[in-house]
Asks: 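After the C-alpha cells below, expect a handful of questions from me.
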Amino acid sequence: MQIVYSPTTSSASLSLLRAARLGFSSSLSRATANSLVSSSHSSSPSLIKYRSLSSFPSFRSVRPWSHGGDWRSPLSLRAQIRSAAPVIERFQRKVATMASENPFKGIFTSLPKPGGGEFGKYYSLPDLNDPRIDKLPYSIKILLESAIRNCDNYQVTKADVEKIIDWENSSPKQVEIPFKTARVLLQDFTGVPAVVDLACMRDAMNRLGGDSNKINPLVPVDLVIDHSVQVDVARHVNAVQANMELEFQRNKERFAFLKWGSTAFHNMLVVPPGSGIVHQVNLEYLGRVVFNTDGILYPDSVVGTDSHTTMIDGLGVAGWGVGGIEAEAAMLGQPISMVLPGVVGFKLSGKLHNGVTATDLVLTVTQMLRKHGVVGKFVEFYGQGMAELSLADRATIANMSPEYGATMGFFPVDHVTLQYLKLTGRSDETVAMIEAYLRANKMFVDYNEPQLERVYSSYLVLDLESVEPCVSGPKRPHDRVPLKDMKADWHSCLDNKVGFKGFGVPKEEQEKVTKFSFHGQQAELKHGSVVIAAITSCTNTSNPSVMLGAGLVAKKACELGLEVKPWIKTSLAPGSGVVTKYLLQSGLDKYLNQQGFSIVGYGCTTCIGNSGDLDESVGSAISDNDIIAAAVLSGNRNFEGRVHPLTRANYLASPPLVVAYALAGTVNIDFEKEPIGTGKDGKSIYFRDIWPSNEEIAEVVQSCVLPNMFKSTYEAITKGNPMWNSLSVPSASLYAWDPNSTYIHEPPYFKDMTMHPPGPHGVKDAYCLLNFGDSITTDHISPAGSIHKDSPTAKYLLDRGVDRKDFNSYGSRRGNDEVMARGTFANIRIVNKFLNGEVGPKTIHIPTGEKLSVFDAAMRYKAAGEATIVLAGAEYGSGSSRDWAAKGPMLLGVKAVISKSFERIHRSNLVGMGIIPLCFKPGQDADTLGLTGHERFTIDLPSKVSEIRPGQDVVVTTDTGKSFTCTLRFDTEVELAYFDHGGILPYVIRNLIKQ
C-alpha cells in the first residue's frame, strides 16, 4: 500500500496512514530478528564483544572497527568469517530476497574494481536518471540513498523517496520522512540510562508475555566511556593514573553494568575508560565513511546521544545528536521520524590570516549561523575556501553544530577527507573503495573539476581572511568577543546588570583585590582572575594544529622565563592517545608540563563540569569575597554553573589562547597593548612574543603527526586496561536489580503498563511548577556536575550511607531515577521568576505560598493529585542532548511545557516522554500575555489521537479568565503515535510484542 502524506489529508486518511506507517517492522524485519545469531565468544577480557551479523537493510559489521586492514582486530578477520559462515549464507539469501522485494531493485548494481573484480554492490543514484538528484545538497543525498536502500513500502515507502528527490519543493512544506541510521553512538553519561532502559524494557516484555530477547540492537552500537573522569589531581606527572584510579573507585558499579550490557546485548561495542573522547574516537577510529558489509556498499550515518555527534560531519559522515530514548528506538529498528530539513549553503572563500586558529573560525561561524537562524536545518559547507581547511579544522566547525543550532554542519567528502583517512590508518584499499563508491554515486566533491551549482534553502558567505582571533563568553558559546576588544568587553560585563553579558558589580568594587595564602605562598585574586585553565574537549583536542600550537606557546613562555601562577588549576585532557604520541614526538610535552598543563586523563573533564575541586584556599577566597572568577577552556559550552560552581565567567578559547590566558592570570587584559608578564631578564613579555606563526605550527604538524600513531593507539584500545579487564560481570540476559544501589535502579516507566495505549491526554487546572525566561539549558534542567551538599539529592544519598566525598556527579548517577528526579531543575544558577531575582533551585508552592526545593514542591503537587506545567522563554532546552532533562520533569509530574521556542533535541525528548510541548504564538510570551504563573492552566486536547494534527493550534485557558492560543509542537504523525502510547518506549514494546 502506498500512501502520500499531504497537509490536507482527512482524519480518516490519517488514521489509515498511521496504521500503515507506524507498524514497528516489516515481515522481512521480523524474519530477520527471529534469525539473529550472536557470538558468545569474547576475544579477550577487554573487548568486550563482537557483533553478530544482521540482515539488509540495517547491516551489522563482522568487525565494528573494520576499515579493511587487520590491525584493528585482536583476532584475524579470516577466523571470524570462518566462524560466521552459516550466518553469512543466510544473510546472503536474505540480501537476494530483499533486492528482489525492493521497488528500486533495478538500480542495485555492481561497483567494479579498477584491476578487475568488484568492490561490492550498491544502489546507484545516477541510474534513476532524475535531473533533480544532481542539484540536491550532498547531505540530502545521504538521506535519499538510505530511503532507497531501506524502501520496503512499509517502514519506508516510495512516496518517502519521492519527497526526498523533490527536496527543493517538499522541504519548505515541512514534510515528514523516515530515516534509518547505519549505527548508533553513545557515551557513558547517556549510555548508562540507555542500557538501563533496555534492561527495563526486557523486564517489561517478560511481564507482558513477550520475548525479552527481542530487546536487542539491530544496528551497530558503539559506546565510549569518556564522561566519568574528573580532574581530581592536576599539575602532577602521575595525574592520569591517579585520576583513573579514582574514576574506577567511584564508577565501578556503573562500569560493571556497562560491561554486562556489552555481553547481554548483541551488536554492542563498549570502548573502555581511558581511551579518549567519544567524538575523537569516532573520527579517528569508528567512522567508516562508507560501509562495506558483505559486499553491500552504503554511506556511513550515525545518530548519537551526545549533541556533538555532529563532529563526524567533518568526515563526510551524516551524524547528529538525538535524545537517548530516540536512540534506543533506533537501536531496536525503529526509523527516526524527522521533518525533511532545509539546507543552508555556507560558502567559504580565501584563507585564514597568520595567527588565526580553527577555534577562532568556529566561534565566528557559530555567531553567524546563530544570527541567520538554522535550528532544525542542515548546514552544508562548500567553496574554494574548503581547500584551505584541514579535516581537523572541518571537524572543529562540525562539532559546534549544537551551539549554532543546526542539526548538522556537513562537509562532503573530498581529497582532504581521503588524505585524513590514510593518515589515521585506514588501508589504501578501503580508501580506494570509499572514493570509488562516492564518485560512482556522485557524492564526492572534486575541486579540480567544474562544480555544478547546488540548490540550497538559503545562502551564507564567509571570507576566511575576515576571521580574527576571538573568545566567546562569559556565559554563552555564541557571545563572541574579538581578542582586541576583550578588556573593554570585560569591563562592560562588570558594569552591566546581571544577565548573559553582565555581572552587576558596582564601580567601587570592580578593582578590589583579595589576598590569601596558597600553601604558604602569597597569592591574590581580582574580578576576572583566571582560576581554571583547561585544554579540553573534543572540539579542539582532535586538532593537531591547535594542540601543537599550545605546546609552542608553552615552549616560548618557558624560554622567556614566564610561568603560570601555581594557584591556577591547569589541565590537559586529550581526546585520544594519539595527542600524547605527537606531543612526545615534538618534545613540546615537557614545556606544557612545566607550565602546569600535565595530562590529567583521556575524557571530557572540564568541558562537561568534571573540573574537580579548586584548592580550598582558592575556593574560600572566591566565595568569601564574592569574586567573579574566570575559567578559560578550549571547550564548546560555557553556560553558567556548568564548568565549575565558583567560576561565574567562563570563556571558550583555542588551546594556545588557554595557555596565554593562564600565563596572564586574568581575562582583564588587552593582549595588544599590555604585557603578559615579566621575563627572566626583567623585560616585559607581550602576547606577540609567545604566539607561533602558522608556518611554525604547520612544520611541527607535518613532522610529528604520523599514521603509525593512530594504528598503535587503536590497537591498544581493543585490549582494554587492567582495571576494566578485572571487572567481573554476570552472564544473565536479564539484569538483577539491586534495590540498595545508588547508581543503577530499576526505573518506574513501565510499572503499570498494559498492552492498551493510554491515549492522548490534556491538562486540567495545572499549577505552574516553574516560570522561566530565555535560554534555559539542559544543564539548568538536569545538571551533570557536582551534587550540592544541601540538595534533596544529597539528603537521599546521605540517608543511604553515601559519604559526601563519594557523591560523585549527577552525570555519573544517571542510571538511578531516584537521584535524577531529585536532581531535576537542581542547577545552583537557575533563575525562576517566582523568586524575584533570587538564584537557585527553589520554587514557590502556589497553593501555600511556601518556598521549597523544586523536588519537594513537585512531590507535594503529586501527592495532592495536581498536574503541573512549566512556563519558559526562547531556546528552552538548548545545550546537551540530555534525555534526563525530559525524564526528570516527567517523574516530577510535569505534563506540558509552554515556551517561546525549543531546542530541537530537547523538544523531541519531551515528546518521547509523553510531555506536551507548546509554543506561544510569535510576539507573545508569559509577560506579554500578563501571566504571572500563579494561575491554573487547562490545555484542551481531543481524547482520540486521530483528531489531533501535527502543529495544530491549541487553546490554553486559565482560572483567571485569560486564554491564549499556542502551537502544538508534535511535529510529525509518528510523534502523535508516541503521545498516544504514553511515550516512545511503551510504543516500541507494544509493537515488538505484537510481532
Asks: Is there a donor-acceptor pair closer than 3.5 Å between any side-chain N or O of Gln187 and the backbone N or O of Asp226?
Replies: no

Asks: So, for Gly914 and Phe979, which heavy atoms are closest and what is the spacing to 0.1 Å?
Replies: O-CE1, 3.9 Å

Asks: Do Gln249 and Glu245 meet the criterion of a side-chain donor-acceptor pair at a distance under 3.5 Å?
Replies: no

Asks: For this output row, return yes or no: ring centroids of Phe970 and Tyr978 closer than 6.0 angstrom.
Replies: no

Asks: Locate the shortest heavy-atom distance separating Val974 from Gln334; write the atom from each residue and the value.
Replies: CG1-NE2, 4.4 Å

Asks: Got Leu910 and Phe902 here, is their nearest side-chain heavy-atom distance under 4.5 Å?
Replies: yes

Asks: Given side chains that start at C-beta, do those of Val303 and Met331 come closer than 4.5 Å, heavy atoms only?
Replies: no

Asks: On the 0 to 90° scale, with breaks at 30° and 60°, tag the His279-His308 ring pair as parallel, tilted or perpendicular.
Replies: perpendicular

Asks: With a 4.5 Å heavy-atom cut-off, do Phe825 and Ile781 have their side chains touching?
Replies: yes

Asks: Between Asn827 and Asp779, does any side-chain donor sit less than 3.5 Å from a side-chain acceptor?
Replies: no

Asks: Are Ser307 and Ile905 side-chain neighbours, meaning at least one heavy-atom pair lies under 4.5 Å?
Replies: yes

Asks: Under 3.5 Å, is there a donor on one side chain and an acceptor on the other for Ser537 and Asn540?
Replies: no

Asks: Find out whether Pro273 and Phe248 are in side-chain contact, i.e. whether some heavy atom of one side chain is under 4.5 Å from a heavy atom of the other.
Replies: yes

Asks: Of all heavy-atom pairs between Thr181 and Ser301, which one has the smallest distance, and what is that distance?
Replies: OG1-O, 3.3 Å

Asks: Please confirm whether the ring centroid of Tyr796 lies under 6.0 Å from the ring centroid of Phe855.
Replies: no

Asks: Hey, are the side chains of Arg907 and Glu975 touching, using non-hydrogen atoms and a 4.5 Å cut-off?
Replies: yes

Asks: Using the six-membered ring wherever Trp is involved, compare the ring planes of Phe257 and Trp260 and label them parallel, tilted or perpendicular (cut-offs 30° and 60°).
Replies: parallel

Asks: Distance only, no hydrogens: is a donor on one side chain within 3.5 Å (strictly under) of an acceptor on the other, for Thr605 and Thr536?
Replies: yes

Asks: Any salt bridge linking Lys569 with Asp613? Criterion: basic side-chain nitrogen under 4.0 Å from a carboxylate oxygen.
Replies: no

Asks: Please list, chain by chain and in numerical order, all residues satisfying side-chain contact (heavy atoms from CB on, under 4.5 Å) with Asp799, sequence neighbours excluded.
Replies: Lys795

Asks: Just wondering, do Leu185 and Asp306 contact through their side chains at under 4.5 Å, heavy atoms?
Replies: no

Asks: Which is it for Asp222 and Arg183 under the salt bridge (charged side-chain N to carboxylate O under 4.0 Å, His left out) test, yes or no, and what are the steps along the way?
Replies: CA-CA 8 Å; Asp222 300 308; Arg183 57 191 175 97; 3.7 Å; yes

Asks: Do Arg250 and Ser812 have a side chain donor and acceptor closer than 3.5 Å?
Replies: no

Asks: Can Gln230 and Ser809 be counted as having a side-chain donor-acceptor contact under 3.5 angstrom?
Replies: no

Asks: Give a yes-or-no answer on whether the side chains of Arg813 and Thr742 include a donor-acceptor pair shorter than 3.5 Å.
Replies: yes

Asks: With sequence neighbours left out, write down each residue that passes side chain to side chain donor-acceptor pair (under 3.5 Å) with Asn832, or none if nothing qualifies.
Replies: Thr843

Asks: Would you call Ile532 and Leu633 a side-chain contact if the rule is heavy atoms closer than 4.5 Å?
Replies: no

